[in-house]
Each structure stands twice: as C-alpha cells, then as structure tokens.
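Below is one structure, written out as structure tokens, with a few remarks after it.
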2 protein chains.
Amino acid sequence: MKHATILDVAREAGVSKSLVSLVMRDSDRVSPSSREAVLEAAKKLGYRPNAAARTMVRQRSSVIGVMVSDLHNPFFADVIDGIDMAVGDAGYRSILTTGNRVSDRERLAVATLLEMRVDGLIMVSPVVNRGCAIEASESVPVVVVGKATRAPTVDSVTNDDRNGAGMVIDHLVELGHRRIAHIDGGIGAGSQPRRTGYSRSMKRHGLENEIRSVRGGFTEDGGSMGMQSLLATGPRPTAVFVANDLAAIGVLKVLDTEGLSVPDDISVVGYDNTSMAASHRLGLTTVDQPRHDMGRMAAELVLASIDQPRSTASHAVLSPKLVIRESTGPPPTSLEGEKRRP
Amino acid sequence: MKHATILDVAREAGVSKSLVSLVMRDSDRVSPSSREAVLEAAKKLGYRPNAAARTMVRQRSSVIGVMVSDLHNPFFADVIDGIDMAVGDAGYRSILTTGNRVSDRERLAVATLLEMRVDGLIMVSPVVNRGCAIEASESVPVVVVGKATRAPTVDSVTNDDRNGAGMVIDHLVELGHRRIAHIDGGIGAGSQPRRTGYSRSMKRHGLENEIRSVRGGFTEDGGSMGMQSLLATGPRPTAVFVANDLAAIGVLKVLDTEGLSVPDDISVVGYDNTSMAASHRLGLTTVDQPRHDMGRMAAELVLASIDQPRSTASHAVLSPKLVIRESTGPPPTSLEGEKRRP
DNA sequence: CTTGAGTGTTGGAACGTTCCAATCGTTTCG
DNA sequence: CGAAACGATTGGAACGTTCCAACACTCAAG
C-alpha cells in the first residue's frame, strides 16, 4: 500500500532510474521499447510521481497558490475559475487555501502555500493587511485581486468601482431620477470607491444638492438598517443605490414591509450581479464585475512575473458593466407628486 | 530574493543545521540562548521551512487534500468550513483543488493532490466516477462527501435524503395536503433518493394514488419545465416538492406568471436551504443538510484512517432538518368529503 | 580502419529537511 | 577523584527526484 518510487519502476522494468525519469518526463530520446517497458512497469506498480521530490530538485513546483478569503461568496468562484483556466493553459496547476475572513487564518493559509514552494501566489480579496502580501512578495510573485494594494512589489487586479457607481447614477438620471440616495458598504473593501463614485457622479449631473449617503454594510441587515434610516429622515428618495446585492435585498425587504412598490415608488440598484440578483422575484438592477476576467488577468500577471521578474508592480483595473433588470424604472410621475399604493 | 535554507540560518547563527532544525520544530532540548540566536537569524534571513523537503524525509505531509467539484454551489463552502476546522484542530492543514464538474479536470485535481503526497483525500460531491476514488484509496485514505460510494476502501459521508423527503411530505400532509407532486432532479446525484423518499412517504400516508413525479433537474430551468408539465396535464396539485432550491425558484417563476399564489393556491418546498431560499421574497420552505457537520465528519473519518487504518469502510449518514418558511401553508380549500388529520 | 557524430542509456551529485547516533561539556554522586 | 548521568549540540544518512557528464553502441564519412 506504500508508494512506488522511480527505483521500484526501474527494477521492475529492468532499466536504470534515469531512464524511468526520462520516460516520465516524456523525453523523446527514449527508444520505443524501453518506453513501453517502463510505462507498463509503472502502471503495474501504481507509480505516481512524487511532487515533493521533484519540487526539491527542480527548485520550482509549477504550482500557483491561491488564497481565497471566503468561499461563501459566489463572486470568488468565478474568479477562481478564471485563474484555473489561465494557470492550466500555461502548464501550471493551482491549489487553494482559505482563511474564512480571519486574518490569522489567512496568514496561515498563505504560509502553507509558501512553504509548499508555490511558484506564484494570488490572494483573492484578502482581509489580512497588506503586510502579509508584501512579505510574501519577497520570495515569490504575488497578485492581489479585488483590493487595491499599493506596494512596489505586489501586483493587483481590481474593478473600477468608481466607474461602476457612475454608470448606476447615469442610468438612474437617464430614467429621470434626481433624488438618488446611497447606502454604503461600511468599512468593507470596495465600499469607499463606490461611495466616491456616487458623489462624483451626482455632482457631474449637477445634483450635488441631492447627495445623501447613509451608512449600511455588505450584509442584508446592513441594507435594511440603511433603508430604515433613509425613510425615517428627510424626503423619500426616488432611487437608492446600494453597496452590494445582499444589502439591496435587505433594502427590498424594508420597502416591502413599508408597502412601497419597486420600481414604481422607488428604484433600487445593487452591486455584484450575484445569481440572487438575477432571480425573477428580485430582478435587481446591478453592476457586474468581470469576475472571470479578473481571475484570468491575475493569473497572467503572476505567470508573467515568474517568467520575467519586473521591477515595478502592475495594477490592472477592469471595467464593470451595468445590468438592468426590473428594480429600476422612471420615478413616480413628477406631475402628480408621489403616487400611493392602494 | 531566493529562499534561505536551514543551512543559511545555521551559518548566520553560528550553529549547526541540526540545531536549527530542532528550534524550528520547537524541541525543548535547546538552550534558550541558542534558540534565540537561531530565531533571530531566521527572522533576519526571512527563513521559511520547505514543506517539500520535510514531506520527503518524513514520508508524510501533514496535509489533507480536498477536491471540490464545484465552488459555485454555496453548499460546498460550508462543507469545506467544517473540514478546515476539524483538520486544523488535528494539527493538519488543508489544501483544495477544483474540477469544475468536469471528469477529466477532477481527475487532474485529484492527481495533483496525490502527487503532493497529501496524507488524506476528501472528495466533495465528485462528478468523476468512483473508480477515481477507489484508485486513490490505494495509496491514501479517501472519504467521499455527498455521494453514496459503495466501495470497501472508500469512506463516505452523505445525507439521508430519503428521510429529508419524508419530512417534507409529513409537513405537507400535516397541513392538509393530499395532492402532492414531485419534480425530481433528473440524473444528478441526490435525485434518486429524494424521489424514492417522496413515493415511500406518500405510501406511508396512504396517498399512493396521489403520487405524481415528473422530470425536472437541479437548475432553475429544470424546475420551470417540471412545473409547466405538471400544470399542463392532470389536476393541479396543491403542493409541490422540488428536488432543490434552485429548481424551486424556477417553479415559483412559473407559478407567478400563471398568476397562482404561493402558498394560497399551491405550496412549494425546495431542498438544500441555500441562502437564496431564506431571502424574504422567496421565503422557501426547504430541507437543510448539516453541511458543516458533513465536512467535520469527513475530516474526522480521514484523520482516523490515517491514525489507524481500518479494513472496512465507514459510511456516515447524517440527518437533514426541515426549515419551514412562507412557501407552505394549508391547501386552498378543505378537501370536501374528506377528513383532515387531527 | 579510424574518427565523429549521433542514439540510448547510465551512475552520481545535488535539493532541504529529519532523525539517529555520536560527541562534547557539565554536573552529580558514590 | 573518577565515573556516570545528563543536557546541549553535531555530522551523516536517508527521502525521490532531476540533470549532467559519461558511457556504450552503431553507423557514416574520411
């Protein structure tokens, strides 16, 4: 039940270990007869190459390590898909570790990968501080996805959230909205640029007096709270731009219980384009991030760094896309003021 | 920018490599002064142990490999959480690979782990045929999660889907339903036991004449199709048990467009208790699988097998839990001429 | 017939650890 | 005072590969 080694195979096939090694690496300077004998022996013994030994002597593993902060967010699944694809095409393999949004565990997850001597490291939306990425970048190329990381040795792939927010406001203004509020994501990553994008865009449309931004969060409850505080104070907005889809669902919940109709009374926009947003009972207008492309891009950056170390970091910023569904429409007719639900 | 080795550290600290090794492994037979010197040197050089070398000589990696079929299903995230937790507590680490529901890629994912010489392998809802698991089990303990795998060398952790389906029917019957239909999951794993559980339970309630099972699938579209065919032929059921949440959402979509109200006209039940099912606009009654526990259990099984190889496989079957929400209620009118259950 | 250039094949030296047996000081004790 | 016991430290032999230099052959050209 133990593992057969190259030597066992060599003995079985009646050749030297070197020849077995050559066959395993698909060398073309092996005679067909020896090749066959070796393959047969290998099969018989259930031989499996030992990656540890190979990594050891070759001084590289041909593996890219990916640290993911949280597998619960389906967002990451697509990113990882993109990574896997690009990494596989380049003849590398990828392995993942998780940190569950806990700094210490993320640090451990990264350490595990580095100790395994991955040839490159991709950190997807890390929660842990950037020191960890910088430290890692001392021994291996590192790319951070989803979190702007200004460091001279760490590449990054992010989404242009400011621009995404701008597209949302453009869409709402085009529909005729003016009183557009924002429920932000609190302290989470991505919150700040979305908020900034909101205010800038409002100003661009000459709506600086309508700017109204309240504290929310990236959770359903966060969205609910934000919406409640919006309804409790000041004039009711005709549209709300929420920090992400999950929070937007919380907003819808509040609006439903308040008897307000979406989008007749109020339009709601989320962010992330989760599959939930697409569900017909929600039909949430939202912003799609090119998740797959972000992953692919991240992989290409690490692979490029492995091939050809650069002295300056690359920072790729991809563009989001507005996805219009049923949660947005024209504001309640301005002539009649506010329409009431029966 | 290269990796420092134990020898570099030894030189820097003015001691032997063996001593450095002892310090790294937290031996207690090292004098405090040498320990400090070594740690300082290690820090200065940014030393990181080389897992490949260690694995090599120790003939074990202290790593558990996890192959996940599909990261898109949030179901798996919880399972992995459970695995990570149990594995970590036992002093092991875990690494993941994915196969994206493609047999060949799953096989590669498994091979990657085995070549890295993981000490144990957990396959979560593999799509690849069981031969792959059996083969792997020749060199390392293997546990399959979510798919019944009858093989003498492969452990498994599954959910009692038949029982889960039974709980659904019990709940519906208790509400007064008799005409309960089932939309199945097609050929996917888990489909068959849920269907069987449905029919058995119907019979148990003396409703064998009401049994009506149509082909659906584990996707939104699959559910929609199933519902359409239910509505197109025969008397309309007062309740529908759908193979999973996603398909149930497809069912809701059809009912909405047909102008049928849930649960007033018809009750709908899903399976899996995805976060989507909990969303207020859906409020789907569903069956929760103890995902976290399944992961933990799987980890405990591999770890036990590593410690103490068993000659016979263990098959753990966990119990699901009914989660009642707003998509189920009493049938439209009390069924005339028939007594309700007390 | 000798040389030179291929073909195939081979042993040996790494790679960075762990672990064992051996060594070197000290201290304790008879 | 010598031996024994102990604590701290050390060199060397693995572990399973890769890769290089070297080696046999065979065959063509000189």
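Chain A is the first sequence line, chain B the second, and so forth, proteins listed ahead of strands; every chain is numbered from 1. The structure presented is a predicted model; accordingly, all values stated were derived computationally and were not measured.
- Atom CD1 of B/Ile6 and atom P of D/dA14 are 19 Å apart (whole Å).
- Counting only distance, with no hydrogens or angles, the side chain of B/Asp119 and the backbone of B/Ser62 share a donor-acceptor pair below 3.5 Å.
- Residue contacts shown for A/Thr55 are absent, as no nucleic acid heavy atom lies under 4.0 Å away.
- Both A/Pro32 and A/Lys17 lie close to DNA chain C; mapped to their nearest nucleotides by heavy-atom distance, the more 5′-ward contact belongs to A/Pro32.
- Nearest to the side-chain atoms of B/Arg117 among the listed nucleotides C/dT10, D/dT17, D/dG11 stands D/dT17.
- At a threshold of 4.5 Å between non-hydrogen side-chain atoms, the residues A/Arg93 and A/Val87 do not count as touching.
- Per the geometry, CG belonging to B/Leu19 stands 11 Å off P belonging to D/dG11, to the nearest Å.
- The interatomic distance linking B/Leu22 (CG) with C/dT18 (P) rounds to 9 Å, in whole Å.
- Within 4.0 Å of B/Ser21, counting heavy atoms only, lies at least one base atom of the nucleic acid.
- In this structure, the nucleotide among C/dG8, D/dA14, D/dG16 sitting nearest to the side chain of A/Ser34 is C/dG8.
- Without hydrogens or angle criteria, B/Thr97 side chain to B/Ala109 main chain gives a donor-acceptor distance under 3.5 Å.
- For the pair B/Leu7 CG and C/dA14 P, the interatomic distance rounds to 13 Å; values are reported in whole Å.
- A donor-acceptor contact under 3.5 angstrom links the side-chain atoms of B/Ser18 to the base of D/dG11.
- For C/dC19, one of the phosphate oxygens OP1 or OP2 lies less than 4.0 angstrom from a side-chain nitrogen or oxygen of B/Arg58.
- Here D/dG16 presents its P atom at 18 Å from CE of B/Met116, a figure rounded to the nearest Å.
- Dashed line: the shortest gap from a side-chain N or O of A/Arg25 to OP1 or OP2 of D/dC19 is under 4.0 Å.
- Side-chain atoms of B/Ser27 do not come within 3.5 Å of backbone N or O of B/Arg25 as any donor-acceptor pair.
- Comparing B/Met56 and B/Arg29 by the nucleotide of DNA chain D whose heavy atom lies nearest to each, the residue mapping closer to the 5' end is B/Arg29.
- Comparing D/dC19, C/dG16, C/dT9 against the side chain of A/Ser31 picks out C/dT9 as the nearest.
- Of the candidates D/dT17, C/dT10, D/dA8, C/dT10 carries the atom nearest the A/Ser16 side chain, counting heavy atoms from C-beta on.
- In this model, the phosphate group of C/dT18 is not approached by any side-chain N or O of B/Gln59 to a distance below 4.0 Å at OP1 or OP2.
- In the helix from C/dC1-D/dG30 to C/dG30-D/dC1, the end axes, each obtained as the rotation axis mapping the C1' atoms of four pairs onto the next four within a five-pair block, lie 60° apart to the nearest 10 degrees.
- Taking the charged nitrogens against the carboxylate oxygens, A/Arg296 and A/Glu300 do have a contact shorter than 4.0 Å, which makes a salt bridge.
- Whole-Å rounding puts the B/His3 NE2 to C/dA14 P distance at 21 Å.
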Carefully, step by step, assess B/Arg117 and B/Thr55 under the rule side chain to side chain donor-acceptor pair (under 3.5 Å). CA-CA 8 Å; B/Arg117 293 296 189 265; B/Thr55 296; over 6 Å; no
